[in-house]
> 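My structure is below; once you've seen it, I'll send some questions.
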Amino acid sequence: MSEDKLIEGVLSGKRRALARLISLIEDEDSSVSRILAKLYRHTGKAHIIGVTGPPGSGKSTLVTRLTTELRSRGLTIGIICVDPSSPFTGGALLGDRIRMQEHALDKEVFVRSMGTRGHLGGLARSTSDAVRAVDAAGKDIVLVETVGAGQSEVEVVEIAHTVLVTDVPGSGDDIQAIKAGIMEIADIFVVNKADLPGADKKVTEINAMLDIAPTSDKWRPPVMKTNGRTGEGISELVDEIQEHMAYLKSSGVLEHKGLQRSKDELEQIMEYKLTRELMTKLQGTPEFDQAIKRIARRDVDPYTIAERLITKFLASCRE
Amino acid sequence: MSSSKKIRVLVAKPGLDGHDRGAKVVARALRDAGMEVIYTGLRQTPEMIVEAAIQEDVDVIGMSILSGAHMALFPKVMELLKAEDADDILVVGGGIIPEDDITELKKCGINEIFGPGTPLEDIVKYIRENVNA
Ligand code: B12
Ligand SMILES: Nc1nc2c(ncn2[C@@H]2O[C@H](COP(=O)(O)OP(=O)(O)O)[C@@H](O)[C@H]2O)c(=O)[nH]1
Ligand SMILES: [Mg+2]
């Protein structure tokens, strides 16, 4: 598929083109930045919803249930499910699709599984760009399921507008885990498996924690109860999700976050490009090799050398 | 193609057959060989298999059938793949499949069939050597 055809395909919502683009993104193909550059102005329309929480708490089941409800409200859906890759072999068993069979033949639902490929933080390195591709393909909602998250897997907050944190009744200990890291990123708490004993107790516990949590936000995360098996509570959950988006818009938080994200992204790209420019100039030059040897011998320190090389590089740019 | 290209495989159980041990064993072996394996579970229709293969942009489809329904289900998958212009995907199968049927299935485009007792290394090796890089 040629680049232009691929772009045209993605923009007209062709699932084959979208699927291929996500593979290129995952494989870090050299064409990706060119393609994403052309797609950029067609993005920013989707409501991105992150779903995170301990493994087995019902994330995939909830994603399926949410999809059913959102479809019934006339919205189109993209789903990205992230599972861990083995750090030893690089292989991965991606099984979230098992729970998503209900939508297997719905052309307005696009499901993609990703391995983390060594990236920590609960997502794959390329998840953010994959979400952008789905957004460009015109899906109204993008659901992102993280690898079962512990405390440090909070990256989803950087790409999602609304973060759902799932938990289940019982297991008093994991409320501690939640408290430590994930607590802060939740826009909505979901106590799933409400059919099991202790659901109300769990809701009360989370609410109690929220009452003492310091917050500057006007949004207080609601604590919802769902049953993934029957779909009970899902419609109310979708109401809250849409409520949260309305809040983001009316409070100006959406705009603020958009600016913040654009800044972060621009910085990241410039840092990457600058470093690459600089290194292609320096790599293999006698001056660079000599400096490395002198640093290793403790003749000079790396701070001074870095300063000197960068100053020289910037001066050469001015010429 | 860049060096980080990974082989992606869809492992599927078509039809009503509940024998999933072989499919799971093969899925794990492929994962351990460094591939990304998408497992979709039991009771897949040919339409579901082809749709998943396209969305996941897999290089390989692996189907497992021990129920005897392979002559109906495998060719149907091939037909749908052709209709989607996606028959460049490598298609392999396994399970209880008589010799004569294997010949027939290969004629309709299934690349290889692996029967009971096939060493897992053979399957890994075949996929590595035959996937369209
Ligand atoms: C274990 C077993 C069961 C277990 C299944 C457990 C499970 N969750 O898998 C149970 C007890 C549930 C069961 C039930 C039945 N079974 Co049974 N079962 C077997 C048995 C003894 C072994 C199958 C097995 O797990 N082998 C181990 C795995 C690792 O081997 P494998 O699947 O063959 O996989 C290897 C290769 O085939 C290949 N491969 C397989 N899949 C794939 C996929 C890919 C992508 C690739 C590349 C390779 C590949 O690689 C693997 C490694 O070498 C076979 C007999 C036999 N010797 O095969 C009968 C057998 C398959 N069963 C049979 C029957 C009839 C049934 C029942 C209908 C019995 C009944 N009347 O109730 C039910 C139906 C269940 C259902 N819902 O479909 C018949 C099928 C006859 C046919 N096809 O004509 C068999 C052949 C027994 C017989 N000789 O009659 N069964
Ligand atoms: N009892 C009960 N089980 C559920 C509920 N929701 C999901 N499950 C089951 O919990 C298990 C894990 O679900 P899954 O969605 O795969 O969790 P994930 O690992 O967080 O994606 C599956 O066996 C589901 O069927 C629920 O509301 N009640
Ligand atoms: Mg899951």
Side-chain angles (χ1 to χ4, degrees), chain A residues 1 6 14-32 60 78-107 109-119 124-126 130 133-134 137, chain B residues 1-14 20 23-60 62 80-81 83-89 120 124 127-128 131-133:
Chain A
M1 216 182 293
L6 189 78
K14 296 249 161 38
R15 67 210 199 299
R16 230 96 197 244
L18 176 57
R20 184 56 51 87
L21 174 57
I22 296 177
S23 297
L24 293 174
I25 291 170
E26 288 197 285
D27 295 336
E28 296 178 6
D29 192 89
S30 55
S31 63
V32 166
S60 300
I79 300 173
I80 293 190
C81 306
V82 189
D83 275 315
S85 303
S86 157
F88 304 107
T89 65
L93 202 48
L94 312 172
D96 295 308
R97 254 194 125 89
I98 296 174
R99 313 239 177 270
M100 302 185 184
Q101 295 310 316
E102 198 186 321
H103 308 290
L105 296 178
D106 184 343
K107 295 276 194 259
V109 178
F110 179 93
V111 184
R112 182 62 178 242
S113 318
M114 298 179 96
T116 53
R117 300 194 182 182
H119 189 73
R125 194 218 309 268
S126 43
V134 178
Chain B
M1 196 51 74
S2 72
S3 59
S4 54
K5 169 84 184 125
K6 271 209 187 309
I7 298 175
R8 286 171 65 86
V9 189
L10 177 72
V11 173
K13 284 282 313 165
D20 60 358
K24 285 180 170 166
V25 167
V26 169
R28 250 173 251 130
L30 298 179
R31 175 198 63 188
D32 293 341
M35 301 178 199
E36 285 184 348
V37 182
I38 295 108
Y39 183 62
T40 47
L42 297 172
R43 285 184 286 281
Q44 302 289 297
T45 64
E47 286 80 6
M48 288 159 97
I49 292 170
V50 170
E51 190 58 37
I54 287 175
Q55 292 182 9
E56 298 287 354
D57 193 28
V58 294
D59 308 289
V60 187
L80 292 169
L81 279 175
E84 289 283 355
D85 203 19
D87 48 345
D88 54 325
I89 299 176
L120 296 168
V124 170
I127 290 180
R128 282 213 180 111
V131 74
N132 298 314

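Proteins get letters first, then strands, A, B, ... in listed order; numbering begins at 1 in each.
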> Distance from B:R31 atom CZ to A:T89 atom OG1, nearest 0.5 Å?
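One gets 7.0 Å once the value is rounded to the nearest 0.5 Å.
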
> Check each atom of A:S113 against the heavy atoms of chain B and say whether the ones under 4.5 Å are side chain, backbone, both or neither.
both

> Go through the steps to decide whether A:R16 and B:Q55 satisfy the test side-chain contact (heavy atoms from CB on, under 4.5 Å), and finish with yes or no.
CA-CA 7 Å; A:R16 230 96 197 244; B:Q55 292 182 9; over 6 Å; no

> Looking at A:V111, A:I22, A:L18, which makes the most heavy-atom pairs under 4.5 Å with chain B?
A:V111

> As an exercise, state the distance from CD of A:Q101 to OG1 of B:T40, rounded to the nearest 0.5 Å.
5.5 Å

> Roughly how far, to the nearest 0.5 Å, is CG of A:L94 from CG of B:L10?
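Going from CG on B:L10 over to CG on A:L94, the span is 10.5 Å.
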
> Dump the intermediate steps for side-chain contact (heavy atoms from CB on, under 4.5 Å) on B:D57 and A:R112, then the final yes or no.
CA-CA 9 Å; B:D57 193 28; A:R112 182 62 178 242; 3.7 Å; yes

> Surrounding CG of B:D88 (heavy atoms of other residues, nucleotides or ligands, distance under 6.0 Å), is the total greater than 12?
yes

> Tell me, for B:R8 versus chain A, whether the close heavy atoms (under 4.5 Å) come from the side chain, the backbone, both or neither.
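Just its side chain gets close to chain A.
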
> Can you find a heavy atom in the side chain of A:R117 that is under 4.5 Å from one in the side chain of B:E36?
yes

> Heavy atoms only, distances under 4.5 angstrom: which of A:G91, A:S85, A:S86 has the most pairs with chain B? Name it, please.
A:G91

> In Å, rounded to the nearest 0.5 Å, how long is the span from CG of A:L93 to CG of B:D32?
9.0 Å

> Quick check for you: among B:G34, B:A86, B:A52, B:G41, which has the greatest number of heavy-atom pairs under 4.5 Å with chain A?
B:G34

> So for B:E84, is it side chain, backbone, both, or neither that comes closer than 4.5 Å to the heavy atoms of chain A?
both

> Between A:E26 and B:K5, does any NZ, NE, NH1 or NH2 come within less than 4.0 Å of an OD or OE carboxylate oxygen?
no

> After noting the C-alpha distance and the side-chain angles of A:R97 and B:E56, does the key distance pass the side-chain contact (heavy atoms from CB on, under 4.5 Å) rule?
CA-CA 10 Å; A:R97 254 194 125 89; B:E56 298 287 354; 2.6 Å; yes

> Apply side-chain contact (heavy atoms from CB on, under 4.5 Å) to residues B:Y39 and A:I98 and explain how you reach the verdict.
CA-CA 7 Å; B:Y39 183 62; A:I98 296 174; 3.7 Å; yes

> Which distance, rounded to the nearest 0.5 Å, do you find between the CG of A:L105 and the OG1 of B:T45?
5.5 Å

> Is chain A contacted by the side chain of B:M48, its backbone, both, or neither, given a heavy-atom distance below 4.5 Å?
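Answer is both: backbone and side chain atoms of B:M48 are under 4.5 Å from chain A.
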
